[in-house]
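To start, the structure under review is shown below, and the notes come after it.
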Amino acid sequence: MKIVVFGSECNSDKLPIIKGLFNKLGSLGADVCVEKNFAAFLSSSFDYEPDAAIMTDDGECQPDIALSVGGDGTFLRTALQINSRAIPILGINIGRLGFLADVSRDRIDETLEELLVGNYRVEERSLLRLHDAESAFEGFNYALNEIAVLKRDTSSMITIHTYLDNDYLTSYKADGLVIATPTGSTAYSMSVNGPILLPQNRNIIISPVAPHSLNVRPIVIPDDCQIMLNVESRNNSFLVSLDGRNEDFLTGKNLIISKADITTRVIKRYNQTFYHTLREKLMWGVDVRS
């Protein structure tokens with residue numbers, strides 16, 4: 001099995017965990033390569049060079065599985081780099097909360113052992129696609145968590161006229177609007193009081209950010225709907241964010257958003273269910289008085 005390891009910049013206290021991961025992969029006989037930017041960071045910051053090949057952009061490294069070592073942000077960047085190659089990703093959490101990267105540091109060894117014998121399951125996670133913006137976002141107009149339309153830092157609220165399958169829904173007067181997948185329901189959408197959806201749900205969440213009217217609430221729609229947004233802004237521009245990648249857009253052009261025809265494949269342990277993750281990460285049922 002060929003495994004590629006992705007990661008991001010981290011503090012020196014994480015180095016023993018990273019070294020332990022590479023050592024464990026080596027002891028299990030895995031064919032390991034490391035993403036070039038992560039390899040460069042480990043070498044320049046910690047003078048550490050794993051016993052692994054370097055994954056470059058020439059496509060020589062064709063992995064069976066990708067490991068994302070970090071937090072959810074690292075997982076999203078890994079998914080972006082994997083693009084549409086259908087390589088399943090396992091998220092190892094050495095960051096903070098971690099819904100996508102949900103393998104804790106004390107479970108790394110046993111998880112890798114399961115991985116190398118094929119004892120895992122793969123979930124297909126839906127993506128959103130932003131249409132008619134081929135020159136933006138380096139041509140990869142997809143989001144695993146959410147597409148957000150936001151006001152500029154220096155501007156007043158924006159007005160977002162919203163249509164579902166060409167049927168007018170409403171005009172949001174707000175700081176922005178978050179269009180989220182079920183996977184993204186525990187990310188930005190949750191922070192603006194959107195509902196939590198199970199990853200296998202076939203829905204999209206629309207959640208306003210700081211709406212001017214308090215009776216405007218998040219809404220859940222079928223994921224086969226096409227969403228059209230037309231934005232008004234006093235300074236004639238606004239931000240569009242795809243999983244945290246931001247670009248400026250000018251008003252006057254419709255934004256079309258729909259479910260993508262590709263998915264991201266996420267590796268999960270058999271005993272790691274979404275319900276377990278909710279209890280663990282959100283501390284559901286925990287009485288802080290105990």
Side-chain angles (χ1 to χ4, degrees), residues 1-6 35 55 59 61-68 70-93 98-103 115 118 120-134 136-148 165 178-190 194-206 220-227 240-245 255-270 272-275 277-278:
M1 179 182 289
K2 179 168 283 190
I3 297 175
V4 58
V5 180
F6 289 79
E35 190 271 330
M55 177 181 173
C61 179
Q62 297 293 333
D64 303 300
I65 285 173
L67 299 185
S68 170
D72 282 355
T74 305
F75 191 102
L76 291 171
R77 288 189 291 274
T78 301
L80 173 64
Q81 290 176 271
I82 292 298
N83 286 355
S84 58
R85 297 166 64 184
I87 300 169
I89 308 169
L90 174 69
I92 296 175
N93 183 27
F99 276 95
L100 289 167
D102 60 0
V103 175
L115 192 69
Y120 61 87
R121 57 191 172 86
V122 177
E123 296 180 353
E124 301 281 347
R125 299 293 183 92
S126 61
L127 300 171
L128 294 174
R129 181 185 176 190
L130 175 65
H131 298 261
D132 302 324
E134 285 77 8
F137 302 102
E138 298 181 351
F140 192 76
N141 306 320
Y142 297 87
L144 174 59
N145 272 350
E146 74 276 317
I147 296 176
D165 291 333
V178 177
I179 315 295
T181 65
T183 298
S185 70
T186 51
Y188 194 174
S189 179
M190 184 172 67
I196 293 175
L197 301 184
L198 300 184
Q200 62 266 33
N201 277 25
R202 302 186 63 179
N203 296 104
I204 295 171
I205 307 166
I206 302 176
V220 178
I221 64 173
D223 67 4
D224 58 357
C225 282
Q226 184 183 83
I227 303 167
V240 175
S241 173
L242 274 60
D243 287 344
R245 298 178 290 138
L255 298 178
I256 307 298
I257 297 169
S258 69
K259 180 182 176 181
D261 56 1
I262 60 174
T263 62
T264 292
R265 308 184 73 206
V266 181
I267 293 174
K268 295 294 181 183
R269 304 178 69 193
Y270 277 112
Q272 185 73 24
T273 67
F274 185 68
Y275 311 115
T277 301
L278 287 178

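- Legend: residues meeting side-chain contact (heavy atoms from CB on, under 4.5 Å) with A143, ordered by chain and number and at least two apart, are I147, L242, D243.
- Between the Y270 side chain and the Y120 main chain, a donor and an acceptor come within less than 3.5 Å of each other.
- T186 is linked by a side-chain hydrogen bond (donor to acceptor under 3.5 Å, both in side chains) to nothing, counting only residues two or more places apart in sequence or in another chain.
- The backbone N or O of F99 lies less than 3.5 Å from a partner atom in the side chain of D72, making a donor-acceptor pair.
- In terms of the side-chain contact (heavy atoms from CB on, under 4.5 Å) criterion, residue partners of T78 (sequence neighbours excluded) are, by chain and number, F6, A66, S68, T74, I82, I89.
- Nearest heavy-atom pair across A136 and N141 is O-OD1, 2.9 Å.
- Evaluation of the ring pair (Phe, Tyr, Trp, His ring centres under 6.0 Å) rule for Y188 yields no partner, not counting sequence neighbours.
- By the side-chain contact (heavy atoms from CB on, under 4.5 Å) test, A187 is found to be paired with N145, E146, residues two or more places apart in sequence or in another chain being considered.
- Here T264 pairs with nothing under the side-chain hydrogen bond (donor to acceptor under 3.5 Å, both in side chains) rule; sequence neighbours left out.
- Taking the side-chain contact (heavy atoms from CB on, under 4.5 Å) definition, one finds that S185 meets it with I196, L197, I205, sequence neighbours left out.
- Under the 4.5 Å side-chain criterion, counting only non-hydrogen atoms from C-beta, F75 is not in contact with N93.
- Atoms CG and CD1, on L128 and I204 in that order, are 5.0 Å from each other to the nearest 0.5 Å.
- For the atom pair CG (L127) and OG1 (T183), the distance works out to 8.0 Å, reported to the nearest 0.5 Å.
- R129 CZ to D261 CG: the interatomic distance, rounded to the nearest 0.5 Å, is 6.5 Å.
- The line from CG of N203 to OG of S126 is 9.5 Å long, rounded to the nearest 0.5 Å.
- Taking D223 as the reference, K259 meet the salt bridge (Lys or Arg N to Asp or Glu O under 4.0 Å) condition, with sequence neighbours excluded.
- In terms of heavy atoms, R121 sits closest to Q272 at NH2-O, 2.7 Å.
- Considering only residues two or more places apart in sequence or on other chains, D102 meets the salt bridge (Lys or Arg N to Asp or Glu O under 4.0 Å) condition with K268.
- In this structure, the side chains of P199 and R125 come closer than 4.5 Å at one or more pairs of heavy atoms.
- Closest approach of I87 to P63, counting heavy atoms only: CD1-CG, 3.8 Å.
- Taking CZ from R77 and CD from E35, the interatomic distance works out to 10.5 Å, rounded to the nearest 0.5 Å.
- Note: S258 OG to I179 CD1 = 12.0 Å, rounded to the nearest 0.5 Å.
- In plain terms, the two heavy atoms of A101 and G70 that are nearest each other are CB-O, 4.1 Å.
- I3 places none of its side-chain heavy atoms less than 4.5 Å from the side chain of L90.
- Applying the side-chain hydrogen bond (donor to acceptor under 3.5 Å, both in side chains) rule to E124 yields the partners T263, R265; only residues at least two apart in sequence or on another chain are considered.
- Contacts of R202 classified as salt bridge (Lys or Arg N to Asp or Glu O under 4.0 Å), with partners at least two apart in sequence or in another chain: none.
- Counting heavy atoms from C-beta outward, I65 and L67 have side chains that approach closer than 4.5 Å.
- Residues L255 and L130 have side chains in contact (heavy-atom distance under 4.5 Å, counting atoms from C-beta outward).
- In this structure, the side chains of P195 and V220 come closer than 4.5 Å at one or more pairs of heavy atoms.
- Applying the side-chain hydrogen bond (donor to acceptor under 3.5 Å, both in side chains) rule to R245 yields no partners; only residues at least two apart in sequence or on another chain are considered.
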